[in-house]
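To keep things clear, I will list the structure first and then write my remarks on it.
So you know, we letter chains A, B, ... as the sequences are listed, proteins then strands, and number each from 1.
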Amino acid sequence: MNRRDFFKIVTATGAAAATAGCQGASEQILPLVVPNEQLVPGVASWFATVCRECPAGCGVLARNRDGRVVKLEGNPDHPVGQGALCVRGQAALQGLYHPDRFPGPLVREGAGLKPATWENAQKILVDRLGALRGGGRGRAVALVTQLENGSLGALADTWARALGTRARVTLEPFGYEAIRAANRITFGRAAVPHYAFEEARVVLSFGADFVETWLSPVAYTRAFARMHTFRDGRAGTFIHVEPRQSLTAANADEWIRNAPGTEGLVALAILKLMLEDGLVDRRFADAVVGIDVKKVAAGSGVDEATLRHVAKAFGHARPGLAIGGGVAVSGSNATRTQVAINLLNAAAGNVGRTIRFGPDAAWGKVTPYAEVADLVEAMARGEIEVLLLGQGVNPVHALPAGLKFAAAVRKVGLVVSFATQPDETTALAHVVLPDTHWLEAWGDFSPREGVTGLLQPTMAPVRDARQTGDVLLGVGRAVLGSEEGKGPLPWASFEQYLKAAWEPAVRGEWAGALRQGGVWREVAPVAVQAKAGPVEAGAAALEGDASGFALLPYPSLRFYDGRGASHAWLQESPDTMTQAVWDAWVEVPAEAATRLGVATGDVLRVTSPHGAIELPAYVSATLHPTAVAIPLGHRYAPYHVPRYVAAAPTAMTPAALLGPARDAASGGAAWLGVRVTLAKTGARRPLAILQATHDQDHRELAQHVDLRAAREQALRGRAAPHEPISMYADHVYPGYHWGLAIDVDACVGCQACVVACQAENNVPVAGKASAAYGRQLHWIRIERWAEGPAAQPTNTFLPMLCQHCEVAPCEPVCPVFAAYRTEEGLNGQVYNRCVGTRYCGNNCPYHVRRFNWFQYEFPAPLEVQLNPDVTVRQLGIMEKCTMCIQRIIAGKDHARDEKRTVRDGDILTACQQTCPTQAITFGDLKGEKNAVSALRHSPRAYTVLEELGTRPGVTYLKKVVREHA
Amino acid sequence: MVGSTETIVGVFAHVDTTVRALEELKAKGYHDLTVYTPVPVHEIEDVVERDRPVSRVRLFTLLGGLTGAFSGFMLTIWSAMQWNLVTGGKPIASIPPFVVIAFELTILFGGIATLIGMVVLGRLPKLRPSPAFDPRFTRDRFGVAVHCVPGRGGSVREILGAAGAEEVKTV
Amino acid sequence: MRPPTFADVNRDVLRTLEPPGNRYFAWMCVVALILSAGILFWAGQVWWGIGMAGKRVPQMWALYITTFVFWIGIGHAGTLISAVLYLFRARWRTSIYRAAEAMTIFAVMTAGLFPLIHAGRMWFAYFLLPYPNQRYLWPNFRSPLVWDVFAISTYFSISTVFFIVGLVPDVAALRDASTGWRRRIYAMLALGWEGSDTQWRHYRRAYGLFAALATPLVLSVHSVVSWDFAMALVPGWHSTLFAPFFVDGAIFSGFAMVAVLVLPMRHFFGLHAYIQDRHLDAISKLILVTGLVLTYFYVCEIFTSLYSGDHIEKASLFWKVTKTYAWALWLMYFCNCVAPLVFFVRKARTNPVVIYVVSILVLIGMWFERFNIIVPSLGHGFYPYAWGIFVPSATDTGILIGSFAWFFLLFLGFIKVMPSLSIVEVKETLPPPMRDKGHGGQH
Amino acid sequence: MGAKAGVGALGAVLLAVLIFAAVSSWSRQPAVATPSVQPINFPHVVHVETYKIDCQYCHSDARRSEYAGLPSVERCMGCHRITAAQLPEIKKLAEYYAKKEPIPWVRVNKLPEFTYFPHKAHVRAKVKCQTCHGEVEKMTTFGAVTGPRPVNDLLNLVGFRPVPPPLSMGWCVDCHREQNAREKTKAPLDCVMCHH
């Protein structure tokens with residue numbers, strides 16, 4: 001019996017998710033026909049695989065309950081991510097169970113795509129390929145995939161060679177070509193190196209949004225936290241240069257706002273000042289001969305004093321790390337900027353220490369944008385007869401409109417898509433051969449040299465899908481007229497191909513590799529020599545009328561290039577900086593807003609030489625006055641409308657505004673390439689912004705301490721806080737006393753915990769209108785509190801969840817004991833007892849209690865993802881964070897099996913498990929040795945709204961703010 | 001009640017005449033009287049109540065109230081002990097809030113007991129009207145019913161008539 | 001003019017029970033229509049969820065609780081008049097107390113609906129009742145909401161008993177005056193009352209005891225309701241001031257409602273002989289006094305939060321006074337503090353129109369008082385993240401209006417089947433018939 | 001008070017007592033198992049009594065999972081390829097196996113879905129299956145009357161204390177309380193242990 005039958009069968013058992021209120025008793029219980037040793041009904045089993053939501057390739061463990069994957073967690077053994085997952089990785093489940101997923105192969109009939117059998121659908125492709133091949137016109141066939149540097153890629157290339165098609169194009173909207181080109185120029189090595197953040201004392205970033213999307217966000221965020229978070233008196237410094245206060249910028253100890261496109265100049269100016277102070281290698285002096293610091297200061301809007309102390313800080317750092325990326329550093333001068341940054345590193349002697357060539361990132365394998373452009377031109381000229389688009393690519397949506405992909409693709413005779421769900425590109429496809437979701441698929445991916453992760457099916461396909469590898473093999477053989485075991489494509493299936501390809505690497509240890517999730521080895525760093533030549537500096541050239549605003553189209557933390565946008569969880573997890581959900585917006589600098597008389601929510605018409613889109617404005621006090629910013633990749637999935645949003649706007653992504661501009665040196669797309677003009681349309685589209693205000697009104701919710709003071713306390717320890725006075729005897733805990741500690745200094749506001757919690761605890765999605773009206777249902781939220789000058793605020797990210805107070809205001813007011821104090825120090829919430837008076841919700845000073853205003857639905861097949869260990873709440877019920885009670889129970893159960901008590905670290909809450917910066921710690925407060933107790937007694941420890949005497953079970957550690965380095 | 005008596009009813013239009021009649025009858029030693037009035041009039045009460053104990057309704061009230069208070073505390077404390085659930089870090093048997101419940105029950109039980117007292121002592125509900133009753137008594141007439149041994153009726157009639165009864169009848 | 005005789009009283013009161021005219025039925029229809037609309041809204045809310053009402057985080061409570069407290073407040077005047085004023089032997093109460101008591105009971109019946117309407121899972125509301133069940137579960141007697149259940153049910157039962165006992169002699173009078181099936185029904189209700197001396201003896205004693213029991217009850221009920229807020233942590237609620245504050249407000253609004261009900265009765269039933277100017281004067285004075293006391297409480301409220309020196313308390317206050325809901329606050333101040341001041345003018349105290357207008361204003365003001373306590377306080381609590389503005393939905397408003405319809409429906413029904421004037425007590429206040437006028441007549 | 005009234009009152013009281021006795025005694029009847037109709041007429045009695053097969057031989061997940069689990073069709077066939085293969089019921093089984101179809105057993109024991117009952121923990125605590133499932137070993141067709149019953153609540157309401165029906169909350173709680181009273185064992189009485 002294969003997993004698919006098993007899936008069918010076990011989902012039929014009544015063991016599925018529960019609803020408070022006894023409805024839907026299942027009529028039948030179905031046993032297995034043949035026992036499956038891998039899966040015991042009611043017991044979770046874990047499958048290691050690799051996340052393919054972006055090319056970072058983090059390791060994943062998929063939790064399979066009764067044949068369906070219900071939760072994803074980072075794979076602790078995997079070098080990338082090391083157990084953490086980002087918000088997109090957590091939400092991948094919604095791609096697996098996406099209600100819009102193609103039910104099976106589709107063939108275009110007139111306007112629409114109609115269901116077809118695999119045979120017929122493939123036959124169309126086979127015939128066309130056969131004809132072309134017969135006519136010797138194999139070059140008229142093009143294969144485009146996302147970054148597939150493993151077996152699938154290899155197989156595709158073999159296939160392409162066998163059929164004599166064009167070389168496969170690996171399409172990634174962000175190819176980091178500037179970095180590759182710059183490294184070729186400076187170090188003679190066109191690769192994306194590995195950056196060892198954890199080694200650096202000072203990180204100087206030029207627009208590189210590593211907390212959001214840059215290269216490998218999870219891995220680098222974790223490494224950054226290791227370098228930056230205050231630990232026993234030591235903490236590194238992080239300086240960020242960017243025109244816009246991105247999430248990464250908000251995490252910087254010093255955010256330097258520069259004019260768009262001037263990063264290169266700033267970098268060189270800093271280098272020059274470092275040279276002047278004699279802090280660095282004089283060999284690099286001639287790189288900055290043309291640089292006049294005063295001019296740069298004037299041009300970039302970064303005053304000289306700032307430049308000087310940054311130079312000092314970076315120069316003194318042994319080692320430091322300078323990085324560049326993001327939209328701001330992807331203009332016409334991208335490569336030159338990166339070269340300048342390379343020189344900074346080289347001069348400061350960071351190369352080889354914090355920058356390591358050798359373990360190069362997979363990004364190096366992305367097809368240059370120039371070649372993509374060539375393909376598009378070929379298509380436009382009608383030279384392409386057959387275009388095969390692999391899973392994960394949506395060029396119509398993701399590529400700059402200036403490339404005119406949509407127009408070109410219409411010229412293609414046969415467009416075949418392997419996408420799993422409908423998007424702008426499949427709308428133009430003739431045949432859809434849905435690929436399996438990566439959680440259902442075999443495969444492998446190598447995020448960087450020496451690390452190769454293995455993908456394995458974690459469950460039976462939810463829909464009638466076939467792995468692209470299998471389809472290619474089948475089609476290829478049909479075209480070649482060869483059969484299994486013979487010819488250039490002998491493999492029976494892609495699985496077989498994969499195993500064959502891996503045999504030399506694992507040498508029979510296949511099962512072990514699968515269990516571990518791949519194989520990894522240390523790769524020795526390659527020594528490189530920096531070539532110190534003069535750099536012709538200059539600001540990025542911008543197209544469009546000079547009075548307009550420089551457009552910053554930035555990849556969003558939640559949607560990346562748009563791959564995440566169809567996931568409701570991501571749509572509803574707020575953008576941490578604006579706290580907006582669901583809709584897209586254009587970030588307008590405050591000055592311009594007042595000039596245009598625009599308020600947040602007014603719809604603006606954003607016009608560039610290449611197009612125009614209409615978006616609601618978000619007035620930002622921090623954005624550089626000459627720029628506007630729009631997140632990339634915004635789109636709705638069909639099932640979002642009208643369920644979660646009233647209507648789907650035509651275009652929400654700024655890709656529609658971009659021209660064909662390129663970075664001269666590398667040929668990469670120039671995301672920073674146009675100026676736009678703004679015009680009020682008069683319409684209003686209020687944004688759903690979850691946080692009422694970013695000003696904490698002196699209430700000390702998010703507290704911080706100066707680095708010096710923190711050191712002081714770390715050494716001397718802090719004066720013992722006075723014991724709270726009470727008329728009542730202290731609460732006694734017969735068994736455990738669970739508690740949570742959250743290090744505010746570590747939290748970067750990436751929202752991963754929010755979605756992890758949503759997945760773990762069956763938290764429904766409310767939709768835009770509800771969320772806008774304070775009816776969102778997240779059990780944990782990331783608040784952004786801003787202090788200091790409006791234009792240059794210091795941001796603190798405060799994860800807020802049920803505080804599990806010992807003296808909980810919510811408990812005594814409940815008339816039916818639905819809220820009460822458990823023996824183990826939790827604040828229990830008994831759903832089936834709740835009557836819904838909402839008194840507790842009023843009386844909770846933290847407002848972390850969530851109410852089921854309606855009967856929220858889980859559109860099929862999303863309900864299959866529901867965690868069977870957690871009740872699905874009926875309408876009219878109050879709910880809130882339970883500290884993952886189901887995990888606590890499981891942990892205790894496991895300990896009982898081993899006839900012991902729970903050890904520290906046995907139990908991880910969902911939020912803690914996924915946190916890239918390990919800001920959250922759960923454990924038993926009674927054990928003095930336990931990590932959580934240690935943190936609770938840390939000098940930085942405090943509780944929110946302490947003066948109310950609620951005695952929370954959640955301890956926070958103050959953020960450490962650095963006096964300017 | 002004594003086996004066979006005759007009942008003579010005098011119907012009065014005025015309070016003072018009624019009072020006079022009552023005084024007379026009492027003086028003559030007729031003590032088995034029933035007075036019907038549309039409203040309680042204290043001139044008449046003064047005469048009637050003179051030689052009677054105070055109503056015992058208040059006893060009912062007292063007992064009811066005490067029961068209420070007791071059961072109030074019992075219910076709250078006992079039920080709290082059932083599960084020993086701590087809410088808001090307060091003790092299991094937290095008296096102050098329970099006082100509220102006890103108070104309310106005191107009033108409730110007290111009130112109901114009073115009602116019962118009134119009904120029982122007032123011999124309510126009265127299924128069939130007593131022969132001496134006359135619909136006018138609920139409007140504007142006062143009635144004096146004298147229950148006496150047969151044969152004494154004559155003198156009673158006299159007294160009533162002399163006092164100024166509009167009408168004297170035997171039932 | 002000559003004071004009415006006992007017979008007149010019977011006659012006049014019976015006249016109020018004559019078959020009503022078309023106007024009456026027209027009103028009934030209107031009220032019934034509005035009520036059914038309200039019921040539909042409720043049905044919708046039960047079906048689709050509380051989300052249909054405009055509630056949100058942070059205003060998890062809003063119009064329903066506001067209206068609940070409002071009606072409970074209305075429910076106060078009745079028992080106050082019948083109990084407290086009875087103990088004080090305030091004779092002027094007699095001609096209005098029956099109507100007031102009816103009002104009380106109907107108001108409580110209306111108020112009692114709102115906790116149900118408000119609950120997210122109304123069908124499990126019985127969880128709040130303490131009864132032995134197979135789950136071995138009991139309510140949490142520490143919760144003010146359970147206190148409410150007890151306070152209100154007690155108040156309702158005691159008021160009802162009080163009301164019925166008061167009715168017995170009157171119903172007897174109706175019985176003796178009516179014929180046919182009416183007579184039979186009244187006879188049943190009269191429990192065979194005859195007005196014999198024994199009956200009167202126990203009756204009066206019992207009545208006195210009821211009054212004695214009801215008096216502390218009146219004060220307790222609204223105190224308990226006020227603790228729903230005072231026991232909570234919310235800035236603007238957490239105050240020891242609330243109990244007396246609420247009780248006074250309740251009496252204030254209660255009397256306003258009495259005026260609103262009694263004046264039309266007097267007009268349409270021509271009861272000027274019984275509800276005289278001195279009655280109106282007394283009502284007005286009470287409204288004036290309670291109004292002044294309320295004003296004092298408002299001042300205290302502001303003072304305490306200013307004097308507390310607590311930043312959050314003050315922030316909440318300033319927000320209320322100056323921001324989104326300021327209009328509601330100032331409207332309340334006008335209706336409750338300024339409007340009643342006209343009663344300093346003697347003429348105004350006896351002018352039905354003036355009294356009527358002021359009473360309406362007072363009712364509006366008192367509804368908004370509860371609104372201002374609940375919605376703005378919750379809207380600007382401890383946690384800035386969750387500050388928010390509540391916007392009422394069609395459902396909230398529909399049910400609110402429906403509740404008024406329900407109340408008036410009950411009252412309109414009542415005045416046609418029961419004496420809305422106490423026959424017995426009115427007679428008590430009249431000089432008893434004496435043959436020689438020299439004697440007696442001190443009343 | 002006439003003598004008649006006295007007699008009447010006495011009669012009323014007696015009647016009330018009788019009714020009380022009747023209702024309460026009836027309410028204390030243990031739940032009677034009503035047999036369920038199953039696709040295959042599976043006699044527990046034969047397997048347990050006659051052949052002394054341990055419950056967990058077939059319900060093998062009970063000791064390691066939240067669910068007791070049902071034997072896979074293959075496991076049934078394990079014996080029944082030979083044993084009693086000629087019986088009509090067994091033929092049905094064979095058909096299912098041949099068709100590689102699961103047997104659509106009808107569910108008998110069902111807890112409300114907001115209640116979490118781990119078989120594992122109870123097996124570990126050495127609770128006999130019969131404690132909850134009744135005398136299965138005596139059943140020819142499996143059946144049970146379980147879960148809360150309105151009548152039960154109503155009786156409680158008027159002051160009787162009927163024994164809670166099996167698999168109702170009171171019934172679970174009774175058992176847990178007894179356990180804790182009797183032995184060292186710590187059967188949880190914390191609400192969220194079962195309701196989360």
| task | Nearest 0.5 Å please: distance from the NZ atom of B:Lys90 over to the CE atom of A:Met727. | result | 10.0 Å

| request: Count the heavy atoms of every other residue, nucleotide or ligand shown that sit under 6.0 Å from CZ of A:Arg896, and state whether that count exceeds 12. | output: no

| message | Take a 6.0 Å sphere around CZ of A:Arg699 and say whether it holds more than 12 heavy atoms from other residues, nucleotides or ligands. | response | yes

| field | Results of salt bridge (Lys or Arg N to Asp or Glu O under 4.0 Å) for B:Arg20 - residues two or more places apart only | value | none

| task | Please check if atom CZ in B:Arg157 has more than 12 non-hydrogen atoms from other residues, nucleotides or ligands closer than 6.0 Å. | result | yes

| query | In terms of heavy-atom pairs under 4.5 Å, which option from B:Gly89, B:Pro91, B:Gly88 contacts chain A the most? | reply | B:Gly88

| request: Check whether any side-chain heavy atom of A:Arg821 sits under 4.5 Å from a side-chain heavy atom of B:Leu85, and report yes or no. | output: no

| query | Relative to chain B, which segment of A:Ala729 carries a heavy atom at a distance below 4.5 Å: side chain, backbone, both, or neither? | reply | neither

| said: Please check if the number of heavy atoms outside B:Arg128 that lie under 6.0 Å from its CZ is greater than 12. | reply: no

| Residues of residues 95-103 of chain B within contact distance of chain A, non-hydrogen under 4.5 Å | none

| query | Taking atom CZ of B:Arg123 as the centre, does the number of heavy atoms from other residues, nucleotides or ligands within less than 6.0 Å exceed 12? | reply | no

| Interface moiety of A:Tyr820 toward chain B, non-hydrogen atoms closer than 4.5 Å | both

